[in-house]
Undergrad: 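Here it is: the structure, laid out below.
One-based numbering along the sequence shown.
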Amino acid sequence: MFNLLFDKVANSKDMEKEYPKIYDYAQKAVDGSVKPVNIEFFKNLSEIDDAVTATDAAEGKTNINDITKFIVQNNARKIKAYLDNPEGADSTGWSVYASRNLAVTGVIGVIALMFLSSNLFVFILYMSVFIGIAFMIFLKSFLLLGIFKKYEKIKEI
């Protein structure tokens, strides 16, 4: 079962002919959460990479047929169909367009890609720690200074 779902079907060269029922179901752009077992291993940030690949192919920057993953190729076809005829597109086409293309090309996509970069993440983590430690030292110094000022006032009286 695992081999069928996560290897043979996912890496099929011609899913439409080899697994017609699964192909028809995949055309609905349903994610992996409906599988009986949902364990998938992808490289880090592969969904972002896949969305970029599908968007580039749909916009004509690359060839859709050159995409090796069926799901990504299917997403590229759906995005292209939506871009070619937004008024005549079905809800699945709009959903794939909105969740893949807009996420990559929209303002949110640029910010998300920036914040999902591993180098930027590490930088932000270090800066957060640095700012946190600096604030704690400032607060400690400020409180100690306040205590000393009160002590001086008491000593003067």
Side-chain angles (χ1 to χ4, degrees), residues 1-140:
M1 185 69 144
F2 285 110
N3 194 32
L4 175 68
L5 289 173
F6 299 106
D7 184 28
K8 289 184 179 181
V9 173
N11 296 311
S12 172
K13 297 293 182 200
D14 191 1
M15 187 188 291
E16 186 174 12
K17 290 180 183 169
E18 293 178 22
Y19 308 100
K21 289 183 180 182
I22 296 174
Y23 175 81
D24 291 339
Y25 185 70
Q27 292 301 305
K28 296 179 177 147
V30 178
D31 66 9
S33 63
V34 297
K35 293 178 183 172
V37 177
N38 191 23
I39 303 170
E40 299 185 33
F41 296 98
F42 299 117
K43 66 178 188 170
N44 191 22
L45 305 175
S46 70
E47 290 194 20
I48 295 173
D49 293 339
D50 292 347
V52 170
T53 301
T55 300
D56 287 348
E59 292 175 347
K61 296 175 185 173
T62 60
N63 188 346
I64 291 176
N65 293 325
D66 292 342
I67 299 172
T68 56
K69 292 181 186 175
F70 170 77
I71 299 296
V72 180
Q73 194 177 80
N74 187 42
N75 288 340
R77 291 185 202 287
K78 296 265 183 215
I79 294 169
K80 181 164 179 26
Y82 180 82
L83 291 173
D84 290 346
N85 183 11
E87 291 81 23
D90 61 356
S91 60
T92 303
W94 176 85
S95 174
V96 172
Y97 167 77
S99 65
R100 302 327 187 274
N101 189 23
L102 292 179
V104 171
T105 60
V107 173
I108 294 171
V110 172
I111 292 170
L113 284 174
M114 182 180 73
F115 281 107
L116 290 175
S117 164
S118 59
N119 294 334
L120 185 62
F121 174 75
V122 171
F123 174 75
I124 290 172
L125 184 65
Y126 282 133
M127 288 304 297
S128 299
V129 170
F130 173 77
I131 290 170
I133 291 171
F135 178 74
M136 288 174 49
I137 291 171
F138 167 77
L139 188 60
K140 178 182 164 186

Undergrad: Decide yes or no for L83 and Y97: does some side-chain heavy atom of the first lie under 4.5 Å from some side-chain heavy atom of the second?
TA: yes
Undergrad: Is there a side-chain contact between I67 and T53 (heavy atoms, below 4.5 Å)?
TA: yes
Undergrad: Has the side chain of Q73 got a donor or acceptor atom that lies under 3.5 Å from a matching backbone atom of T68?
TA: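 Side chain of Q73 to backbone of T68, a donor-acceptor pair under 3.5 Å: no, none is there.
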Undergrad: Identify the heavy atoms of A76 and A54 that sit nearest to each other, and give their distance.
TA: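 That would be CB-O, 3.5 Å.
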Undergrad: If only atom types and distance count, is the side chain of T55 paired as donor or acceptor with the main-chain N or O of A51 below 3.5 Å?
TA: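 Judged by distance alone, yes, a pair lies under 3.5 Å.
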Undergrad: Please report the interatomic distance CD1(I64) to CD1(I79), rounded to the nearest 0.5 Å.
TA: 9.0 Å
Undergrad: So which atom in A89 and which in Y82 form the shortest heavy-atom distance, rounded to 0.1 Å?
TA: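 Scanning both residues completely, I find the closest heavy atoms to be CB-CD1, 3.4 Å.
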Undergrad: Which value, rounded to the nearest 0.5 Å, describes the distance between D90 atom CG and K78 atom NZ?
TA: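 Going from the CG atom of D90 to the NZ atom of K78 covers 5.5 Å.
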Undergrad: Which atom names give the shortest non-hydrogen contact between D84 and P86, and what distance separates them?
TA: C-CD, 3.9 Å
